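Quantities reported herein were computed from a predicted structural model and do not represent experimental measurements. Just so you know, residue 1 is the first one in the sequence shown, and it goes up from there. Each ligand, and each atom within it, is numbered from 1 in the order the structure gives.
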Amino acid sequence: MKPLRIAINGYGRIGRCLVRALFESGPRQLQLVAINEPAELKTIAHLTRYDSTFGRFSKPVDEVEDGLLIDGELVRVCGETNVSKLPWGELDIDVVLECSGTFSSRREAEQHLQAGAKRLIFSHPAESEDDVDATIVYGINHRELSGEERILSTGSCTTNCVVPVLDVLRHHLDIEAGMLNTIHSAMNDQPVIDAYHHTDLRKTRSAIQSIIPVDTGLARGIGRFFPCLLGRLESTAIRVPTVNVSAVNLTLTVAQHTDAATVNALIEQAAVQAGAVLGITEEPLASCDFLRDPRSGIVDAGQTRVANGHLVKLLVWFDNEWAYSNRMLDVCEHIQTLDDDIARALVNN
Ligand SMILES: NC(=O)c1ccc[n+]([C@@H]2O[C@H](COP(=O)([O-])OP(=O)(O)OC[C@H]3O[C@@H](n4cnc5c(N)ncnc54)[C@H](O)[C@@H]3O)[C@@H](O)[C@H]2O)c1
């Protein structure tokens with residue numbers, strides 16, 4: 001099997017988490033070939049070794065002439081902001097993981113393909129459905145990929161958290177309507193203290209001093225996924241002064257009469273089959289306990305409530321950085337098996 005050759009564009013929180021998840025989570029048929037990040041190599045190496053959220057990287061990281069040596073593997077580092085100059089063709093890149101957050105249209109993604117990459121995956125929802133060949137939530141629709149798709153998105157971390165839960169509830173309880181409130185850790189689009197940081201006035205406010213409501217397209221993103229829920233969901237989001245791990249408060253009205261024990265049992269049953277994407281815990285935990293949890297969403301069983309048999313409320317935890325990075329790698333690994341099948345079919349014909 002030929003490993004999938006990966007490049008990371010934008011080496012921030014998600015970019016660096018991808019590297020840790022790749023090197024620390026056991027063998028995968030994926031090879032990190034290049035990183036493109038406008039920061040200095042010295043700083044890139046430093047932030048690879050040390051991380052305020054995840055601690056020291058367990059693998060050795062050395063600076064070499066044009067890149068990093070991570071656990072003995074050479075990773076080319078470029079600092080190119082002109083996409084057409086990126087060496088994706090020369091490096092035979094199979095997939096660019098677009099984690100800069102600065103690109104989200106098909107036109108921009110195609111520039112990476114013109115630079116020689118075979119595919120691109122956005123680490124966030126694309127501008128519109130037309131901007132991608134597929135939006136994938138691993139564990140829910142990754143098997144629908146044919147291998148021919150060139151521009152993909154792995155949705156948002158929040159979509160990955162709630163879609164597996166909604167999938168269970170829509171099958172068993174028949175969702176009529178719902179409100180989703182994301183309680184999200186602070187992110188790099190907020191300043192540490194008040195600053196002219198953003199056109200969104202709330203994002204000019206200090207991330208460490210306040211609970212800050214922000215815009216979210218979560219309900220729209222889920223509607224793209226489950227057209228049967230289009231127009232039935234609404235979403236809000238607040239940022240809170242923690243650095244990682246978030247939660248979604250899911251409030252739904254359902255057609256079937258139910259109770260909290262039944263809802264938890266349905267999730268538990270589904271979690272057994274879902275593997276990495278869905279979990280449930282009965283322990284009385286706090287957000288820090290989910291740090292480095294690779295599951296996309298973990299239902300807090302003790303917080304499930306049902307009012308009047310039809311109004312259901314769940315709290316679902318997720319490590320917004322670690323779980324999402326692991327899902328991006330899962331999608332890459334799936335693409336690698338599709339490429340392998342296509343290559344084998346060509347040889348056999
Ligand atoms: N942080 C999360 O929890 C999370 C979870 C899921 C998805 N995402 C998405 O992933 C993307 C990145 O988020 P993040 O939190 O890692 O942001 P970040 O700000 O930590 O990282 C972005 C990096 O991209 C670099 N960059 C900027 N312009 C660039 C360019 N033209 N070419 C190459 N690199 C460039 C920046 O220097 C920075 O290091 C966003 O779209 C975000 O919505 C973030």
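- Among Glu37, Glu321, His124, the residue whose heavy atom lies nearest to atom 37 (O) of ligand 1 is Glu37.
- Remark: Arg170 is positioned above the aromatic ring of Phe226, its terminal NZ or CZ atom under 6.0 angstrom from the ring centre and at most 45 degrees off the axis.
- With respect to atom 21 (O) of ligand 1, the closest heavy atom belonging to the protein is Gly12 CA, 3.2 Å.
- Of the heavy atoms in Asn320, both backbone and side-chain atoms come closer than 4.0 Å to ligand 1.
- Asp131 contributes a side-chain N or O that, together with a main-chain N or O of Ser128, makes up a donor-acceptor pair within less than 3.5 Å.
- An N or O contact shorter than 3.5 Å links Ile14 to ligand 1 by distance.
- Heavy-atom neighbours of Arg49 CZ from other residues, nucleotides or ligands within 6.0 Å: above the threshold of 12.
- Scanning the protein for heavy atoms near atom 9 (C) of ligand 1, the closest one is Ser123 O, 3.2 Å.
- Heavy-atom contacts from other residues, nucleotides or ligands closer than 6.0 Å to CD of Glu40 number 12 or fewer.
- When only non-hydrogen protein atoms are considered, atom 6 (C) of ligand 1 lies nearest to Tyr324 CD2, 3.4 Å.
- Within the 4.0 Å heavy-atom criterion, both parts of Arg13, backbone and side chain, lie near ligand 1.
- Contacts between Phe122 and ligand 1 below 4.0 angstrom, taking non-hydrogen atoms only, are absent altogether.
- Around CG of Asp215, the count of heavy atoms belonging to other residues, nucleotides or ligands within 6.0 Å does not exceed 12.
- For atom 30 (C) of ligand 1, the nearest non-hydrogen atom from the set Thr102, Thr43, Asn244 belongs to Thr102.
- The environment of Asn308 atom CG is sparse: at most 12 non-hydrogen atoms of other residues, nucleotides or ligands sit within 6.0 angstrom.
- For CD of Gln209, the number of neighbouring non-hydrogen atoms (other residues, nucleotides, ligands) closer than 6.0 Å is greater than 12.
- In this structure, Glu333 pairs ionically with Arg28, as a charged nitrogen and a carboxylate oxygen lie closer than 4.0 Å.
- For Asn188, every heavy-atom contact with ligand 1 shorter than 4.0 Å involves the side chain, none the backbone.
- Salt bridge status for Asp94 with Lys2: present, with a side-chain N to carboxylate O gap under 4.0 Å.
- In this structure, of Gly101, Pro125, Ala186, the residue bringing a heavy atom nearest to atom 40 (C) of ligand 1 is Gly101.
- For atom 35 (C) of ligand 1, the choice among Ser185, Ser104, Ser100, Cys17 with the nearest heavy atom turns out to be Ser100.
- The shortest heavy-atom distance from Ala39 to ligand 1 is not under 4.0 Å.
- The same ILVMFWY cluster, assembled from side-chain heavy atoms under 4.5 Å apart, contains both Leu314 and Phe318.
- Contact annotation for Cys99 and ligand 1: only backbone heavy atoms (N, CA, C, O) come within less than 4.0 Å of the ligand.
- In Arg205, the CZ atom is not crowded: 12 or fewer heavy atoms of neighbouring residues, nucleotides or ligands sit closer than 6.0 Å.
- The contact set between ligand 1 and Asn36, taken as ligand atoms under 4.0 Å from a residue heavy atom, comprises 32 (N), 33 (C), 34 (N).
- The closest approach between Pro38 and ligand 1 falls below 4.0 Å for a heavy atom of the residue.
- Shortest contact from atom 1 (N) of ligand 1 to any protein heavy atom: Met187 CE, 3.8 Å.
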